[in-house]
Amino acid sequence: MTSQPASTFIEKGIGRLLSRFQQEFSPSQTLSDIVGQAERLRGMTETLLELSHHYPDRAGAVLNVLSGLADVGIIHDMASAADEIATIARKMEAGLASEKREGSHSFAGFSALAAQHEGHGVNGFGGHFVQGMSPEVKEKPGQWIASRDEPYCAPEESIFSDEIICLHCGGAFSMLKRHIERQHRQSPDGYRVYWGLSPDYPMACESYSAMKKLEASRTGLGHYDRKKKGRSRIKA
């Protein structure tokens with residue numbers, strides 16, 4: 001098959017997907033970890049670009065599958081992202097070889113992969129409301145929640161100074177609120193009630209909260225001088 005250049009649209013899609021993985025699954029670590037993550041990102045980028053060159057008509061579907069795998073927690077760190085991308089690449093290459101042997105223009109292997117991804121919704125992983133979710137939170141594709149009897153870890157082991165572990169999927173975040181609303185359709189209060197947590201269970205790690213307080217202090221946010229405001233009214 002003659003290689004074709006990836007479209008700008010697909011290249012941007014690859015960039016957005018890998019940026020999402022990096023933001024969600026690559027918290028700041030040691031210098032050695034950062035170097036390893038950079039090498040892994042380069043490998044994933046090259047693989048996805050190569051797939052888009054050889055299968056331009058299927059590139060968008062591949063990105064959707066990978067995004068969905070992240071939504072349901074199958075992709076939960078950079079290593080699992082690299083593994084899933086490599087698996088898709090192998091299946092697509094095998095499908096191409098099969099096409100050449102059989103003279104077919106259909107790719108059964110990829111169709112099965114996409115159907116498997118879409119099947120998560122049927123099993124309760126899709127954008128369907130499940131008891132335990134917060135109905136006031138916006139619905140998004142791929143939202144899911146874990147069984148209350150199967151948290152990723154014990155609640156008392158989920159809080160660290162620099163991260164908080166999601167009890168649904170095990171992801172580590174400096175701020176948990178956005179993640180649970182987007183991927184698990186739970187408000188902070190709904191999350192606390194669902195897992196039997198105390199009302200003061202934090203939604204942000206200690207270091208993140210300290211950083212935001214420092215930023216607010218530097219910019220003057222949160223400070224209101226009532227005396228100064230009163231003097232201004234008298235002069236007016």
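Scope of the values below: all heavy atoms of this structure, side chains included, with no hydrogens, waters or symmetry mates.
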### Message
Applying the side chain to side chain donor-acceptor pair (under 3.5 Å) criterion to T87, which one of K91, R90, E84 satisfies it?
### Response
R90
### Query
Listed by chain and number, what are the salt bridge (charged side-chain N to carboxylate O under 4.0 Å, His left out) partners of R182, not counting sequence neighbours?
E24
### Task
Tell me, please, which residues at least two apart from E181 pass side chain to side chain donor-acceptor pair (under 3.5 Å).
K177
### For F21 against I75, the heavy-atom pair lying closest together
CZ-CD1, 4.0 Å
### Summary
Closest non-hydrogen contact found for I164 with M203 is CD1-C, 3.9 Å
### C169 SG to H179 NE2 distance, which is reported to the nearest 0.5 Å
3.5 Å
### Task
Report whether L51 and L49 are members of the same hydrophobic cluster (ILVMFWY, side-chain heavy atoms less than 4.5 Å apart, transitive linking).
yes
### Query
Is the side chain of S67 donor-acceptor paired with the backbone N or O of N64 at a distance under 3.5 Å, no angle test?
no
### Task
Tell me whether I180 is reachable from I159 by hopping between hydrophobic residues (I, L, V, M, F, W, Y) whose side-chain heavy atoms are closer than 4.5 Å.
yes
### Summary
Interatomic distance, CE@M44 vs CD@Q37, rounded to 0.5 Å, equals 9.5 Å
#### Entry: Approximate separation, where rounding is to 0.5 Å, of I165 CD1 and Y152 OH
7.5 Å
### Query
Considering residues at least two apart in sequence or located in another chain, which fulfil the side chain to side chain donor-acceptor pair (under 3.5 Å) criterion with R42?
E46
### Task
Look up atom CG in L66 and atom CG in L17, then write down how far apart they are to the nearest 0.5 Å.
5.5 Å
### Query
Run the side-chain contact (heavy atoms from CB on, under 4.5 Å) check on C166 and H184 step by step: do they pass?
CA-CA 10 Å; C166 174; H184 305 300; 3.5 Å; yes
### Query
Side chains of L167 and Y194: closer than 4.5 Å at any heavy-atom pair?
no
### Task
Dump the intermediate steps for side-chain contact (heavy atoms from CB on, under 4.5 Å) on W195 and I145, then the final yes or no.
CA-CA 11 Å; W195 291 114; I145 57 177; over 6 Å; no
### Message
Taking side chain to side chain donor-acceptor pair (under 3.5 Å) as the definition, give me every residue that meets it alongside S80, ordered by chain and number, with sequence neighbours left out.
### Response
D77
### Query
If only atom types and distance count, is the side chain of R192 paired as donor or acceptor with the main-chain N or O of L197 below 3.5 Å?
no
### Atom of I14, atom of L63 and distance for their closest heavy-atom approach
N-CD1, 3.8 Å
## Note on the structure
Separation between CG (D162) and CD (E206), nearest 0.5 Å, reads 10.0 Å
### Task
Consider only side-chain N and O atoms of D189 and S187, and report whether a donor and an acceptor are under 3.5 Å apart.
no
### Query
Are the side chain of Q143 and the backbone N or O of K140 linked by a donor-acceptor pair below 3.5 Å?
yes
### Query
Where is the tightest heavy-atom contact between S134 and G190, given as atom of each residue plus distance?
OG-CA, 3.9 Å
### Task
Locate the shortest heavy-atom distance separating L18 from L48; write the atom from each residue and the value.
CD2-CD1, 4.1 Å
### Query
Are the side chain of Q186 and the backbone of G132 linked by a donor-acceptor contact shorter than 3.5 Å?
yes
### Message
Which heavy atom of P155 sits nearest to which heavy atom of Y201, and what is that distance?
### Response
O-CE1, 4.3 Å
### Message
Just to verify, what does D83 make a side chain to side chain donor-acceptor pair (under 3.5 Å) with, not counting sequence neighbours?
### Response
none
### Shared-cluster residues of V193, by chain and number - hydrophobic side chains joined below 4.5 Å
none
### Under 3.5 Å donor-acceptor, S207 side chain and S161 backbone
yes
### Heavy-atom side-chain contact between H168 and Y191 under 4.5 Å
yes
### Query
When rounded to the nearest 0.5 angstrom, what is the spacing between NE2 in H53 and CD1 in I10?
11.0 Å
